[in-house]
Amino acid sequence: MTDTSQPDILYTIVDEAPELASASFLPIIKRFASAAGVSVGTKDISLAARIISAFPEYLSEDQRQPDDLAELGKLVKTPDANVIKLPNISASVPQLVAAVEELQAQGYALPDYPEEPKTDDEKAIRARYDAIKGSAVNPVLREGNSDRRAAKAVKNFAQKNPHSMGDWSADSKTKVSSMPDNDFYANEKSATISADQAGDARIEFVGKDGNVTVLKDGWTLEEGTIADATFMSARELGAFLADAIEDTKKDGTMFSLHMKATMMKVSDPIIFGHAVKAWLAPVFEKYGDKLEALGVNPNSGMGDLLERVEGDAEIMAAIEALTAERPAMYMVDSDKGITNLHVPSDVIIDASMPAVIRAGGKGWDADGKKGDTNCVIPDRCYATVYDETINFFKENGKLDVTTAGAVANVGLMAQKAEEYGSHPTTFEAPADGTIRIVLANGDTLHEHQVEAGDIWRACTVKKAPIENWIELAMDRQRLTGSEAIFWLDANRAHDAELIKYVKPALEKAGVADKFQIMAPREATRQTLETITTGKDSIAITGNVLRDYLTDLFPILELGTSAKMLSIVKLMNGGGLFETGAGGSAPKHVQQLVEENHLRWDSMGEFCALGESLNFLADAKGNAKAGVLGAAAEEATQGILDNNRSPSRKVGEPDNRDSHYWFARYWAEALADQTDDAEIAAEFAPIAKALADGEDAILAELAAVQGPPADIGGYYHPSVEKKAKVMRPSATLNAIIG
Ligand SMILES: NC(=O)C1=CN([C@@H]2O[C@H](COP(=O)(O)OP(=O)(O)OC[C@H]3O[C@@H](n4cnc5c(N)ncnc54)[C@H](OP(=O)(O)O)[C@@H]3O)[C@@H](O)[C@H]2O)C=CC1
Ligand SMILES: O=C(O)CCC(=O)C(=O)O
Ligand SMILES: [Mg+2]
C-alpha cells in the first residue's frame, strides 16, 4: 500500500527508556509542529512490533501490525526521507524469548521461539525470528554514512560542568587480553572486485572427502566492492580463554568479556558461548550429556543455563564449587547476582569498555567491590584501541574533562558495510575442510583451511558508500579545520584495500596534506594526545570503530554518548537523525517501574529534532520548519544553560521535567522570533501558559515520584498506562492537548 500522505517527519516508536521518554515528549513535538504546519508521523520499529508484524496469520485482525520497518527501509532510499530514529533493542535470544512470552501472555497466539528447530515448519518459524534477532533495524535504515559529534553547546557545557571520572593509577592491573594468533585479524584476506569478477558469487564448504556444500548462493558482488573473508580458530579461542581465566586468577583481578553479540549476531554469541564453556569447563566435561539433555545452549549465557539446571543439585553444587576456585567475575548487577556471562546482550563492548575506562579501570565484583579487571576481547582487529587507551591513562592519569578537545567521527556505515553486514555470510565450520568464495567467473576469491567449529565470515563494503564516506570526511575536515585521521591499518588486508580508495581520492581533491592514515593503536595514542592539549580530532573509521569510538570518546568527554549528534546523510538525499550514540538503557526502565523516576536524558532527541527541522527547511524550502528548528536549538541551549537535564535520583527532576522546560523554552523562542509573525502569535499564549503554570506543573510532576509505576508490560507496555505514567501533569497536558 502506498502512503500518499507521507508526513514531513517520521518519529520512531522504539523500546525501553527512550520509548518511555517519547510518551512524554512526542505529544509536545506534535503539538508544536502542527501549529507551524509541519506534520509528524510515527513508525513502530520496537521489538514487539517487529515480532507482531512477522506473524500475521497467528493473530487476530485487531492484533496485526504492518511491517513499519520494511516501509521505513524503502523510505530511506528516497530523497523524501526525514526520520528521527531513537535507539531500539537489538535482541539477544533471551530478550527475544522474553518478548514473545510477554506477548503470548497478553493474548497474542505467537509460536514459541524454536530453540532446536526440527520440522520444516519450525525451521520456517525460526528463520522469521532470526531475522528479528540482533541488530535488525539499524542496518536497514542506515543508507548513508554517519557524522557523529557533540554540538558545540553540549561540549561547552561538559567542560564547564565536568562529570565524575575515576582516577587512573600507573600500577592499575586492568588490561586488555586478546588472542595471540589465529583470530579474525590474523586470518583476514581481502580483495577489490574487478569487472570480470563481478556477479553472483557463492560460498562453499569443501569437506576432507571432497564433497562440496553450498553455504551461501546468489551473493552479489559488484565491481569495486571490497570483499573480505577470515576466520577465528575455535580450538585456539578455547585455549586462549582457558589461559585468560588462569591469568586473571594470577593477577588477582576480575574476569570480564566484552563482545558485541547484538550487532555481530552470528559470530559473537558463539564466541560468548565459548567463554561460558571455558568458565564452566570442568562442569561441561563431567555433565556434558546431562546439560545437553536439559537443552543448555552456552551461547544463550549462564542465566539460561542456571535456569535449566536449577533442579539438579549435583550440577548446581559442582558449579558452586568451581565458582569458588575461579577468579572474581565482573558483574552486571552484583545485588541480583547477574554476572558478565549471564546474557550475551548485557555486556556490550561499545558501552562496557568505556564504562570501565571512565571508572579508572574498575569493574564491580560479586560482593559489589570495585577492582581491576582483565578485559577479554578475543579478536585483535579493534582491541588495540582499548589497550592503548588504558596504556595512555596509566601513563598520563585520567582525562581532564574541563580542557579536553573533542573527537568527532565520520563512519563508513552505508549499505551494511564491513563486519556489521556479515551475518548472512558467517558460518561455524561444519567439519574440518576448506571454506571458499567462488566468483561468478569461476575463480576462487579467498579460501581458508578450517577445523570443525571455526567461525568463518565474509563481509563487503561497496564502492559508492566508500566514495561517499571519503567525501563526507573531506567536508567535515574543511568545515572544522581539525586534525583528521583515517583509522586504517596498512598491515590489515581489508584496510589496505580501503587505503587504495582513500589515498587517490585525497590526492585528486588536493587535500592529502590535511589527512593522516594511522593504524588504530597509533591513531588512538595521537588522538588522545591531541585532545589532551585541548584540540579537536576527527576519527574517520570503518563501521565497527564508528560504533566503538562514538561511545568511547563521548563517555570520556561528556559522561555519556546520549548527548551526541548522530546524523546520517542518506545517499539518495534524505536525512536520518539518530538520537545520541547509545542504547535504550534498560536500567532506567527498572528505576521507573520501581520508583517512578526516569533518569533518561533526552538531549539526543532535542539535538536530533533541531537537525531534522533544519533539514526540512533546507531540503524542502519549508520556512516554518526553519523557524521551529532554530527555536528548538534555542530550547536545547536553554536546557543546558539552566541545568534542566534529568537527575539520577528519585525525588529530583527527571526526564518529564526536562520536557516541560524544553517545551517552555521552545515556545518562548517561537513567540519571540520575528521571522514568522503567525507562528509568534500562535505561540505567545502557549509560552505564557507554560510560564504561568510552572509551579503547578513542577509540583504535579514531583508528586508522582517514589512509589512504583505500572506501565503494563516491558517489551509491549500498554499505551494508555505508559501515557498516564509519563504525562502526570494535568496542567501541562491541558496546554499541550
Ligand atoms: N542505536 C541503537 O539502536 C542502539 C541500541 N542499543 C541497544 O540498547 C540496549 C542497551 O545497550 P547498552 O550497551 O547497555 O547501552 P546503553 O547506552 O543503553 O546503556 C549504557 C548506559 O549509558 C547510560 N545512558 C545511555 N543512554 C542514556 C540517556 N539517554 N540518558 C542517560 N543515560 C544514558 C546509562 O547509564 P546509567 O545506567 O548509569 O544511567 C546506561 O545504563 C541493547 O538492547 C542494545 O541492543 C545499543 C546501542 C545503540
Ligand atoms: O544496532 C545496534 O545494535 C547498536 C548500534 C550501535 O551501537 C551504534 O550505532 O552505536
Ligand atoms: Mg554503539
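One-based numbering, in listed order, for ligands and for the atoms of each. Just so it is clear, the values below take in all heavy atoms, side chains as well, and ignore hydrogens, waters and symmetry mates. If you read the sequence from its start, that first residue is 1, and numbering goes on from there.
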Around atom 30 (N) of ligand 1, find the nearest protein heavy atom and jot down its residue, atom name and distance. Asp601 N, 2.9 Å

Could you tell me whether Ser90 and ligand 1 have an N or O pair separated by under 3.5 Å? yes

Considering distance alone, does some N or O of Glu16 sit under 3.5 Å from an N or O of ligand 1? no

With under 30° as parallel and over 60° as perpendicular, where do the rings of His588 and Trp600 fit, or are they tilted in between? perpendicular

Ala351 neighbourhood, listing ligand 1 atoms whose heavy-atom distance to it stays under 4.0 Å: 13 (O), 15 (O)

For ligand 1, is any non-hydrogen atom under 4.0 Å from Asp346's backbone (N, CA, C, O), its side chain (CB onward), both, or neither? neither

Side-chain (Asn409) to main-chain (Ala539) donor-acceptor, under 3.5 angstrom: yes

Going by the 4.0 angstrom heavy-atom rule, the piece of Arg546 near ligand 2 is side chain

Heavy-atom proximity to atom 37 (O) of ligand 1 ranks first, among Lys260, Lys587, Arg599, Met263, for Arg599

Just verifying a value: how many Å separate Asn340 CG and Met259 CE, rounded to the nearest 0.5 Å? 10.5 Å

Any protein heavy-atom neighbour for atom 14 (O) of ligand 1 (distance below 4.0 angstrom)? no

for atom 9 (C) of ligand 1, nearest protein heavy atom and its distance come out as Ser584 OG, 3.2 Å

I'd like to check which ligand 2 atoms, numbered from 1 as shown, lie under 4.0 Å from a non-hydrogen atom of Arg148. 8 (C), 9 (O), 10 (O)

Nearest protein heavy atom to atom 6 (N) of ligand 1, by residue and atom, and its distance? Gly583 CA, 3.4 Å

Environment of the Mg ion (ligand 3) in terms of protein N/O/S atoms, cut-off under 2.8 Å: Asp350 OD2, Asp547 OD1

Do the side chains of His716 and Ile52 get nearer than 4.5 Å, heavy atoms only? yes

Would you mind running through ligand 2 and noting each atom that sits below 4.0 Å from a heavy atom of Asp350? 7 (O)

What is the closest protein heavy atom to atom 9 (O) of ligand 2, and at what distance does it sit? Arg142 NH2, 2.8 Å

Any N or O of His588 closer than 3.5 Å to N or O of ligand 1: yes

Answer with side chain, backbone, both or neither: which part of Lys260 has a heavy atom less than 4.0 angstrom from an atom of ligand 2? side chain

Against ligand 1, does Arg648 come closer than 4.0 Å with any heavy atom? yes

the protein heavy atom lying closest to atom 3 (O) of ligand 2 turns out to be Ser90 OG, 2.5 Å

If we only count N/O pairs under 3.5 Å, is Leu86 in contact with ligand 1? no

Output the list of atoms in ligand 2 that are nearer than 4.0 Å to some heavy atom of Ala581, sorted by atom number. 10 (O)

The atoms of ligand 2 lying under 4.0 Å from a heavy atom of Ser135, numbered in the order shown, are 1 (O), 2 (C), 3 (O)

Considering the heavy atoms of Ile89, write down every atom of ligand 1 situated less than 4.0 Å from one of them. 43 (O)

Can you find a non-hydrogen atom of Ser345 under 4.0 Å from ligand 1? no

Any Lys/Arg nitrogen of Arg644 or Asp657 sitting under 4.0 Å from an Asp/Glu carboxylate oxygen of the other? no

closest protein heavy atom to atom 26 (N) of ligand 1 is Trp600 CZ3, 3.4 Å

In terms of atom number and element, which parts of ligand 1 are under 4.0 angstrom from non-hydrogen atoms of Asn88? 2 (C), 3 (O), 5 (C), 6 (N), 7 (C)

Nearest protein heavy atom to atom 44 (C) of ligand 1, by residue and atom, and its distance? Ile348 CD1, 3.8 Å

For atom 48 (C) of ligand 1, the closest protein heavy atom turns out to be Gly582 O, 3.1 Å

Specify the protein heavy atom at minimum distance from atom 18 (O) of ligand 1: its residue, its atom name, and the distance to 0.1 Å. Ala585 N, 2.6 Å

If we set the cut-off at 4.0 Å for heavy atoms, which region of Lys85 has an atom near ligand 1: side chain, backbone, both, or neither? side chain

Below 4.0 Å from any atom of ligand 1, is there a heavy atom belonging to Gly580? no

Please assess Asp167 against Lys398 for the test salt bridge (Lys or Arg N to Asp or Glu O under 4.0 Å), listing each intermediate value before the final yes or no. CA-CA 6 Å; Asp167 287 317; Lys398 68 181 174 190; 3.0 Å; yes

So which heavy atom in the protein is nearest atom 10 (C) of ligand 1, and how far is it from that ligand atom? Pro586 CD, 3.6 Å

So, are Lys569 and Asp147 salt-bridged, with charged N and O less than 4.0 Å apart? no

Please write down residue, atom name and distance for the protein heavy atom closest to atom 6 (C) of ligand 2. Asp547 OD1, 3.3 Å

In ligand 1, the atoms that come under 4.0 Å of a heavy atom of Asn138 are 1 (N), 2 (C), 3 (O)

Between Thr262 and ligand 1, is there a nitrogen or oxygen pair with a distance under 3.5 Å? no

Specify side chain, backbone, both or neither for Ala355, according to which of its non-hydrogen atoms lie closer than 4.0 Å to ligand 1. neither

